[in-house]
Amino acid sequence: MGSGQSHPDSAHHTFRVLATLLIGGAVLGLSVIGFRLARAEAGRSKKKKRGPIRVYMDGCFDMMHYGHCNALRQARALGDQLIVGVVSDSEIIANKGPPVTPLNERMIMVNGVKWVDQVISDAPYAITEDFMKKLFNEYDIDYIIHGDDPCLLPDGTDAYALAKKVGRYKQIKRTEGVSSTDIVGRMLLCMRERSTRDTPKNSSLQRQFSHGHNQKSEGGATGISQFLPTSRRIVQFSNGKGPGPDARIVYIDGAFDLFHAGHVEILRVARDRGDFLLVGIHTDQTVSAHRGAHRPIMNLHERSLSVLACRYVDEVIIGAPREVSRDMITTFNVSLVVHGTVAEDNDFQKEEGNPYAIPKSMGIFEILESPLDITTSTIIKRIVSNHEAYQKRNEKKAESEKKYYEGKTYISD
């Protein structure tokens, strides 16, 4: 009787074992499939993360200066590739007033900055929803960057509100002591000083502005913050590499005041003549002696940073002598000394008192055709010819800058 009852139990036990194995196998199979899918997804995620982080920064970049360049440097440090949008002339007029430099010149300036990978022309002044989608989808932008100073539209709203809302906004530190508003103010001040026939008192006032000293605001110069040069900033802007042992070193010098598109283009042409471009930047005293008491507008350290930020420049001599000596040519192993056809003066063409007499006698001096007919005086004349509009723009901007400095907090750069 006992054996007759055990047969059904044994069959039932066998069925339970088989069912368990089948279910266990199904679960294991699903687990393996899930694991493989998870690995594939993780692989895709890793692949996406290995791609370059692309950051976007826009601006007017009018009267482009070392503050703009430092902003681009900081933005580039937040990603692997920096895409820069340059606002159109019409958008600037609508939101700020007339630009000093037209779009084509501003494009040359931004393209000439060594931290910039790509430039978008005719960018809108405000980040609209449509343009933001275009940045994310067409340009594959990860983050939108702007300085810690406010950028408000005429209606008082934040130009970057949408980027902040979607969590794709990052902020950098504004560079102290310089702005396009301040530079225009310096030139307007110089213009008024000329009308007083260069009295010693007024010349002294301009020198203080040129050297970055704080001054009470006059004629739209903000005078709220001042430029404080540091060795760290120079290192940040420098390439940190010297010429190779067999490099053909090209030397070009000048004031490079109000660094503009004409400067960028002649530096590009000069760099093409060799392997390493060395740029000599004249002292404030040298510039004043040959260009007038009201020059330079930018002091030596300011001018040096602007030149160092240019992608075509490998090294600079801060405070280079006006006359190119044989000793200097030997010290820096210069192969060729060059000068552009467009310049503030024609000393390079003189028979006597020519600062390039020695390289000419050595057969290593060459005159290069300047791509653009623009000088520092060209920029100043633009301001002077429309000074009322620029002064009105400056007064409006100066008020917003005052509010920024009153409420600013420390941000690391």
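Of the options I249, D327, I317, a side chain to side chain contact (heavy atoms under 4.5 Å, CB included) to F332 is made by I317 and by none of the others. Residue D284 forms a salt bridge (Lys or Arg N to Asp or Glu O under 4.0 Å) with just one option from R291, R295, R303, and that option is R303.
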* Run the side chain to side chain contact (heavy atoms under 4.5 Å, CB included) check on I358 and M328 step by step: do they pass? -> CA-CA 11 Å; I358 290 176; M328 192 178 84; over 6 Å; no

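When side chains are defined from C-beta on, I383 counts as touching V100, because their heavy atoms get closer than 4.5 Å. Residues C60 and Y125 meet the side-chain proximity criterion, which asks for heavy atoms closer than 4.5 Å. Between L305 and H65 the shortest side-chain heavy-atom distance does not fall below 4.5 Å. Side-chain contact between R186 and M298 is present, with heavy atoms from C-beta onward closer than 4.5 Å. Considering only heavy atoms from C-beta on, D89 comes within 4.5 Å of L103 through its side chain. Using a 4.5 Å heavy-atom threshold, the side chains of P243 and D314 count as separate. For the pair D58/I127, a side-chain contact is recorded, criterion being any heavy-atom separation below 4.5 Å from C-beta on. Contact of the H260 side chain with the T101 side chain is not registered, since no non-hydrogen atoms from C-beta on lie closer than 4.5 Å.
Atom CG in N70 sits 4.0 Å away from atom CZ in R233 (nearest 0.5 Å). For the atom pair OH (Y139) and CZ (F131), the distance works out to 7.0 Å, reported to the nearest 0.5 Å. Going from atom CG of N333 over to atom CZ of F276 covers 11.0 Å, rounded to the nearest 0.5 Å. A distance of 6.5 Å separates CG of D257 from CD1 of I380, quoted to the nearest 0.5 Å. Residue I266 holds its CD1 atom at 8.5 Å from CD of E369, rounded to the nearest 0.5 Å. Put simply, OH on Y312 and CD on E265 are 6.5 Å apart, with the number rounded to the nearest 0.5 Å.
Below 30°, between 30° and 60°, or above 60°: for F256 and F259 the angle between ring planes is between 30° and 60°, a tilted geometry.
Applying the ring pair (Phe, Tyr, Trp, His ring centres under 6.0 Å) criterion to F365, with sequence neighbours excluded, gives Y356. Scanning for salt bridge (charged side-chain N to carboxylate O under 4.0 Å, His left out) contacts around E105 gives R382, with sequence neighbours left out. With sequence neighbours left out, E323 forms a side-chain hydrogen bond (donor to acceptor under 3.5 Å, both in side chains) with no residue at all. The salt bridge (charged side-chain N to carboxylate O under 4.0 Å, His left out) search around K350 returns D347, not counting sequence neighbours.
Between the side chain of R271 and the main chain of R311, no donor-acceptor pair closer than 3.5 Å is present. Within the 3.5 Å criterion, the main-chain N or O of F348 finds a donor-acceptor partner in the side chain of N354. Looking at T341, its side chain does come within 3.5 Å of a backbone N or O of S370 through a donor-acceptor pair.
In D373, the CG atom is not crowded: 12 or fewer heavy atoms of neighbouring residues, nucleotides or ligands sit closer than 6.0 Å. Within a 6.0 Å radius of OH in Y143, no more than 12 heavy atoms belonging to other residues, nucleotides or ligands are found.
Sorted by first and then second residue, the salt bridge (Lys or Arg N to Asp or Glu O under 4.0 Å) pairs with a member in residues 155-165 read D158-K164; sequence neighbours excluded.
The two residues V264 and G112 have their closest heavy-atom pair at CG1-CA, 4.3 Å. The shortest non-hydrogen separation linking C310 to L267 is SG-CD1, 4.1 Å. Across all non-hydrogen atoms, the minimal contact from R248 to R273 is NE-O, 2.8 Å. Closest of all the heavy-atom pairs between A71 and M57 is CB-CE, 3.7 Å.
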Per-pair distances, 0.1 Å, donor-acceptor, side chain in residues 75-84, under 3.5 Å, sequence neighbours excluded:
{"from": "R76", "atom 1": "NE", "to": "D117", "atom 2": "OD2", "distance (Å)": "3.0"}
{"from": "R76", "atom 1": "NH1", "to": "G79", "atom 2": "O", "distance (Å)": "3.4"}
{"from": "R76", "atom 1": "NH1", "to": "D80", "atom 2": "O", "distance (Å)": "2.9"}
{"from": "R76", "atom 1": "NH2", "to": "D80", "atom 2": "O", "distance (Å)": "2.8"}
{"from": "D80", "atom 1": "OD2", "to": "I53", "atom 2": "N", "distance (Å)": "2.7"}
{"from": "Q81", "atom 1": "OE1", "to": "R54", "atom 2": "NH1", "distance (Å)": "2.6"}

